[in-house]
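The structure appears right after this line, and notes come after that.
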Amino acid sequence: MKIKYLLNGILAALVFLAVFPILFTVAGSIMGSQELKQVLEPFLTGEGGYISWKFLPLYPTLRAYIEVLLDSPEFFVMFWNSVKITAGVLVGQILIGVPAAWGFAKYKFPGKNVLFLIYIALMMMPFQVLMLSNYLVLDGLGLLDTLAGIILPGIFSTFPVFIMYRFFEGIPAALLEAARIDGAGEWLCFWKLGIPLGSPGIISALVLGFLEYWNLIEQPMAFLKNKELWCLSLYLPEIDASQAGKAFAVSVIVLIPAVLVFLAGQDYLEQGIISTAIKE
């Protein structure tokens, strides 16, 4: 029993460490400006030392949220830019990635293995490796400093294809053959069997895609010069250190959609992990 309590204590400590940044942010967002200035004084003055933090502010206030939601029109411009980028990428990945994953999983064609290997290699390359080539291509297409220049590369991302491929691959070939014998064409097999049976993989890819593109920072920083096209991930660094309360409030507001999407798709993400681990 003592070992059990010890393990529970260790796990509880690890959980606290994991959620500490969120608690830190939420507490900071409801602190008054004077109290926040007091606890962050070593950081704001640059004189060194350690900040003293309180999870329960002495005088909670929603002033920072009011400032963001009512007195910061630029926040909503960048909020809708983030919505446009994320929605555009996810819709494009459904239209392009789902058929591509189905084709890789259920059809044989010359060069299939080589092409899929290229997909995997591209998936493993970080943005920094491909940044110059992406920049040159977007410049040639006249898409630099446009939202389309951020959305288009995301649509053709290889990662969602890899995720959905595993689910489509698990659909029994005998089921498709039975459907074809009954007169179903290839499109009908894809629409009536592939999409419903592979929906956990599609939703997993969409959830992961949302979490990635909602918090996108490197691509907008590299390809967007016009601040009117910036997204929320670039709004936070622009907030002055003296407006720490506003920065905390923006962080909480940006975090809420990501948390809701994650909680809604958590079961599908677990199925995705299980699917990639199981081998026939």
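These numbers come from the heavy atoms of this one structure, side chains and all, not from hydrogens, waters or symmetry mates.
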- With the 4.5 Å side-chain cut-off for hydrophobic clustering, are V77 and L234 part of the same group? no

- Does F79 have its ring centroid less than 6.0 Å away from the ring centroid of Y235? no

- Among side-chain atoms of K246 and S29, is any donor-acceptor pair under 3.5 angstrom? no

- Item | Spacing of I203 atom CD1 and L208 atom CG [to the nearest 0.5 Å] | 12.0 Å

- Message: Counting the benzene-type ring for Trp, do F104 and Y119 have ring centres under 6.0 Å apart?
- Response: yes

- Query: Distance from L90 atom CG to I202 atom CD1, nearest 0.5 Å?
  - Reply: 12.5 Å

- Side chains of R63 and S33 in contact at under 4.5 Å (non-hydrogen atoms): no

- Is there side-chain contact between I253 and V68, with at least one heavy-atom pair below 4.5 Å? yes

- Message: Tell me whether Q128 at atom CD has more than 12 heavy atoms from other residues, nucleotides or ligands lying less than 6.0 Å away.
- Response: yes

- Item | Common cluster, I22/V259, ILVMFWY with side-chain heavy-atom separation under 4.5 Å | yes

- Item | salt bridge (Lys or Arg N to Asp or Glu O under 4.0 Å) partners of residues 180-196, not counting sequence neighbours, each pair once | E177-R180, R180-E186

- Item | Residue pair F159 / I120, side-chain heavy-atom distance below 4.5 Å | no

- Task: Group every Ile, Leu, Val, Met, Phe, Trp and Tyr by side-chain heavy-atom contacts under 4.5 Å, then state whether L36 and F20 land in the same group.
- Result: yes

- Message: Is the ring pair W187/F190 parallel, tilted or perpendicular, if the boundaries are 30 and 60 degrees?
- Response: tilted

- Message: Is there a continuous path of hydrophobic side-chain contacts, each under 4.5 Å between heavy atoms, that joins L232 to L236?
- Response: yes

- Task: Look up atom CG in N226 and atom CG in N81, then write down how far apart they are to the nearest 0.5 Å.
- Result: 9.0 Å

- Give a yes or no on whether F109 atom CZ has more than 12 heavy-atom contacts from other residues, nucleotides or ligands under 6.0 Å away. yes

- Tell me, do I85 and W214 make a side-chain contact under 4.5 Å, heavy atoms counted? no

- Item | L70 and Y65, any side-chain heavy atoms less than 4.5 Å apart | no

- Message: Working to the nearest 0.5 angstrom, can you tell me the gap between C231 SG and Y213 OH?
- Response: 12.5 Å

- Message: Does atom NZ (K84) have a neighbourhood of more than 12 heavy atoms from anything else shown, all under 6.0 Å?
- Response: no

- Message: Applying a strict under-4.5 Å side-chain criterion to I, L, V, M, F, W and Y, I'd like to know whether L122 and Y165 cluster together.
- Response: no

- Test item: L144 and L224 side chains (from C-beta on) under 4.5 Å apart, heavy atoms: no

- Assign the ring pair F223 / Y135 to parallel, tilted or perpendicular, where the plane angle (0 to 90°) is split at 30° and 60°. tilted

- Below 4.5 Å, heavy atoms only, C-beta onward: do F210 and F262 meet side chain to side chain? no

